[in-house]
Amino acid sequence: MKKILVANRGEIALRVMRTAKEMGIKTVAVFSDVDRTAAHVLFADEAIHIGPSPSAQSYLLGERILEAAKQTGADGIHPGYGFLSENAEFAKQVTDAGIAFIGPSPAAIRIMGSKLAAKDAVKSYNIPMVPGTDKAVDDPDEAIKIAKSISFPILIKASAGGGGKGMRVVTHEGELKEQMERAISEAKSAFGDGSVFIEKYIQAPRHIEIQVLADNHGNVIHLFERECSIQRRHQKVVEEAPSVVLTPELREAMGNCAINVARSCNYSGAGTVEFLLDEDKNFYFLEMNTRLQVEHPVTEMITGVDLVAEQIRIARNEELQIKQSDLSISGHALELRVYAEDPAENFMPSIGTLSTYQIPKGPGVRVDDGYAEGMEIPIYYDPMIAKLITYGSTREIALQRMIRAIDEYYISGLFTTLPFGRFVMKNEHFINGNFTTNFVNEHFDPALIKEERKEEAELAASLAVYLIEKNKKKLRIQPSQPSIAWKNRRNH
Ligand code: MV4
């Protein structure tokens with residue numbers, strides 16, 4: 001592979017290109033109208049314009065991207081995450097054009113894209129799954145029977161869903177029929193596939209995922225877990241590796257299950273197997289993500305493995321050089337996603353320009369970003385500005401570094417999730433490792449951010465008054481004089 005086209009934008013496009021450069025591989029960027037001068041375009045060796053700003057007219061157009069690859073002579077395409085990364089049809093078109101798709105086979109993407117097909121694939125591998133159905137259900141009476149046998153609350157999930165899309169919790173028999181009909185019609189219109197199935201609803205789980213690497217020669221390894229429970233509305237905000245709750249035995253058991261899930265679909269490349277962990281530390285396989293994930297850096301920090309480099313080597317048909325026995329966990333890593341969202345206003349998108357943008361530096365700090373000072377965050381795409389990753393020999397050190405790095409990160413012009421990150425890092429439950437996917441709902445109150453902002457504004461106002469008074473002579477400010485309007489008012 002001599003030249004890789006990165007079919008993505010922002011931080012992940014840069015992340016992939018950096019490793020490609022290190023490997024002596026040329027890079028091609030693609031860009032939409034609004035991204036004409038974006039960081040990933042400036043970084044690449046070549047760049048091709050692929051269309052207007054909306055992603056449906058640019059980054060989601062497989063054919064335009066394929067054309068760009070042919071035009072530039074790229075022999076590999078890396079899809080990043082989001083956009084076309086889990087599109088089996090695109091992967092097939094790339095492969096058919098004689099270009100290496102840096103990711104799994106179209107067949108593996110297709111199987112794992114259907115939750116029911118995934119359950120079917122792993123059947124013979126003894127993988128623990130949440131009690132429920134492994135077939136599509138469309139008869140409400142049958143659904144009631146199933147729900148009673150596993151007991152309420154239950155969850156209706158869309159087979160074509162994933163990442164929380166198309167899920168409905170049902171707590172009573174009386175609601176089941178209506179909820180099921182809604183779930184089916186929603187799934188039909190959102191995914192073009194109305195298949196839904198039923199699972200027991202696990203109430204306060206932790207979300208733990210295992211990173212795997214598989215080559216085209218039958219070797220599959222796991223790179224331990226990432227703890228992703230700190231999320232709001234299925235959007236992850238803080239991730240870490242390792243998880244504070246896994247014992248070495250549990251880690252090995254989950255790791256082996258993840259390897260088997262990868263084997264079940266003949267997986268190739270980097271993938272992630274998602275699990276739920278209940279209060280009694282039972283784990284259940286949820287789904288497999290067939291892409292490089294946003295939070296992959298925490299795994300890189302604790303293992304020393306460059307996951308993008310491994311993806312590229314695997315796509316070149318090379319054999320994995322890392323054996324399971326070579327791998328161990330070294331230290332602890334945390335990641336905070338810095339979004340252009342206002343945590344004081346229910347995480348509303350905060351649009352604007354990065355008037356000030358200064359990133360934290362120093363020991364144990366990594367910032368993966370795709371923007372620079374003076375740039376606007378486009379409204380067309382994901383609002384993530386950057387990922388702030390800190391590393392230390394212990395969780396305590398990584399945590400203190402994260403707080404220091406948040407304090408050192410200076411962004412003005414829009415609101416970000418940085419203060420929310422500070423809240424998490426200083427929360428006793430997070431510090432103690434005592435949290436579930438309900439953490440944000442249970443502990444976060446936007447008033448905390450509002451209060452902080454008010455204190456800051458008051459401090460800034462006092463400082464402004466002080467500086468004006470102190471510099472009156474230098475600034476040639478005249479002593480205050482009553483205005484004419486004021487005089488007039490007095491005479492009434
Ligand atoms: C569940 C669950 C509880 N019980 N399944 C959401 C994302 C998708 N991958 C599956 N998800 C869940 N499936 C059962 N049977 C709770 C969730 C869930 C969740 C999972 C991972 C991370 C965050 C979550 C937030 C809410 C619900």
Side-chain angles (χ1 to χ4, degrees), residues 81-82 85-86 111-119 122 127-137 143 146-147 149-171 176 179-180 183 186-187 190-191 195-211 225-241 243 245-246 254 257-258 261 271-291 293-295 298 335 337 347 424 430 435-444:
Y81 52 71
S85 62
E86 292 175 284
I111 291 171
M112 291 302 160
S114 156
K115 307 309 141 202
L116 285 171
K119 279 180 194 263
V122 305
I127 309 287
M129 300 215 260
V130 188
T133 58
D134 54 6
K135 294 259 164 10
V137 182
I146 294 157
S149 78
I150 59 179
S151 82
F152 287 95
I154 59 121
L155 198 55
I156 306 174
K157 292 186 177 181
S159 177
K165 277 178 273 176
M167 288 186 3
R168 272 163 189 275
V169 183
V170 183
T171 50
L176 185 52
Q179 291 285 30
M180 209 173 98
E186 232 176 60
F191 316 115
S195 317
V196 302
F197 59 97
I198 292 173
E199 277 181 1
K200 171 90 190 144
Y201 180 56
I202 311 288
Q203 302 242 17
R206 296 175 79 114
H207 174 67
I208 291 176
E209 57 187 33
I210 306 275
Q211 176 71 54
E225 77 279 8
R226 292 186 288 262
E227 160 74 67
C228 304
S229 299
I230 308 294
Q231 53 83 44
R232 63 172 291 283
R233 301 192 186 168
H234 306 298
Q235 170 143 285
K236 295 166 185 163
V237 198
V238 173
E239 299 103 341
E240 66 178 315
S243 163
V245 289
L246 294 203
M254 291 176 78
C257 274
V261 171
T272 298
V273 182
E274 279 188 19
F275 295 95
L276 286 184
L277 190 70
D278 73 13
E279 283 155 313
D280 302 323
K281 292 202 185 177
N282 299 304
F283 67 88
Y284 309 97
F285 165 58
L286 273 189
E287 52 191 78
M288 181 173 194
N289 300 318
T290 58
R291 60 171 188 275
Q293 294 210 203
V294 176
E295 59 271 26
V298 292
E335 174 177 284
R337 298 192 190 185
F347 296 84
V424 174
F430 182 74
F435 55 86
T436 70
T437 52
N438 304 327
F439 175 86
V440 180
N441 284 335
E442 281 172 4
H443 302 297
F444 180 64

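For the single chain, residues carry numbers from 1 onward in sequence order. Whatever order the structure lists ligands and atoms in, that order sets their numbers, starting from 1.
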*Evaluate the criterion side-chain contact (heavy atoms from CB on, under 4.5 Å) for residue pair Glu86 and Thr290; output intermediate values, then yes/no.*
CA-CA 6 Å; Glu86 292 175 284; Thr290 58; 3.3 Å; yes

Determine, considering heavy atoms only, which of [options] sits nearest to [atom].
| atom | options | value |
| --- | --- | --- |
| atom 3 (C) of ligand 1 | Ile202, Ile150, Leu286 | Ile202 |
| atom 2 (C) of ligand 1 | Ile198, Ile154, Ile208, Leu276 | Leu276 |
| atom 15 (N) of ligand 1 | Lys200, Met129, His207 | Lys200 |

What do we get for Thr437 next to ligand 1 when only non-hydrogen atoms under 4.0 Å count, side chain, backbone, both or neither?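 The side chain, only.
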
Exercise. What's the spacing between Ile230 CD1 and Thr436 OG1 if we round to 0.5 Å?
Worked result: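 So the CD1 of Ile230 and the OG1 of Thr436 are separated by 8.0 Å.
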
- Closest heavy-atom contact between Cys228 and Glu239?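 Heavy atoms of Cys228 and Glu239 come nearest at SG-CG, 3.9 Å.
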
Review point. Going by the atom numbers of ligand 1, which of them fall below 4.0 Å from some non-hydrogen atom of Gln231?
Key: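 Reading through ligand 1 atom by atom, the close ones are 23 (C), 25 (C).
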
* Check ligand 1 against Glu199 and write out every atom of the ligand that is under 4.0 Å from a heavy-atom position of the residue. =>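 Every atom of ligand 1 under 4.0 Å from some heavy atom of Glu199: 5 (N), 14 (C), 15 (N).
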
To the nearest 0.1 Å, how far is [atom] from its closest protein heavy atom, and which atom is that?
| atom | value |
| --- | --- |
| atom 13 (N) of ligand 1 | Lys157 NZ, 3.1 Å |
| atom 14 (C) of ligand 1 | Leu155 CD2, 3.4 Å |
| atom 26 (C) of ligand 1 | His234 CE1, 3.4 Å |
| atom 11 (N) of ligand 1 | Met167 SD, 3.5 Å |
| atom 7 (C) of ligand 1 | Gly164 N, 3.2 Å |

Margin query: Tell me whether Lys281 contacts the main-chain N or O of Asp278 through its side chain, where contact means a donor paired with an acceptor under 3.5 Å.
Written below: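 A pair under 3.5 Å: no.
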
query = If only atom types and distance count, is the side chain of Lys115 paired as donor or acceptor with the main-chain N or O of Ala158 below 3.5 Å?
reply =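 Not at all, since once roles are kept as given, no pair shorter than 3.5 Å links the two residues.
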
Practice item. State which residue, out of Ile210, Val298, Val273, fulfils the side chain to side chain contact (heavy atoms under 4.5 Å, CB included) condition with Glu225. Key: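 Exactly one candidate clears the test, Ile210.
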
Could you walk me through whether Glu209 and Thr272 pass the side-chain hydrogen bond (donor to acceptor under 3.5 Å, both in side chains) check?
CA-CA 6 Å; Glu209 57 187 33; Thr272 298; 4.9 Å; no

- Examine ligand 1 and decide if any of its atoms is less than 4.0 Å from a heavy atom belonging to Arg233.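 Contact check Arg233 vs ligand 1: negative.
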
Test item, Lys236 contacting ligand 1 (heavy atom, 4.0 angstrom) |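 No; Lys236 lies far enough from ligand 1 that no heavy-atom distance drops under 4.0 Å.
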
- Query: N/O of Glu274 under 3.5 Å from N/O of ligand 1, yes or no?
  - Reply: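 Looking only at distances, the answer is yes, because the N/O contact criterion of under 3.5 Å is met.
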
Is it the case that ligand 1 has an N or O less than 3.5 angstrom from some N or O of Tyr201?
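The answer is no, given that Tyr201 and ligand 1 share no N or O pair closer than 3.5 Å.
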
Q) Residues in salt bridge (charged side-chain N to carboxylate O under 4.0 Å, His left out) with Lys119, at least two apart? A)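 By the salt bridge (charged side-chain N to carboxylate O under 4.0 Å, His left out) rule, Lys119 matches Glu199.
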
Might you work through the side-chain contact (heavy atoms from CB on, under 4.5 Å) test for Glu335 and Val294, ending with a clear yes or no?
CA-CA 10 Å; Glu335 174 177 284; Val294 176; 4.1 Å; yes

Students often mix this up, so state it plainly: with edges at 30° and 60°, are the rings of Phe439 and Phe435 parallel, tilted or perpendicular?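 Phe439 and Phe435: perpendicular rings.
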
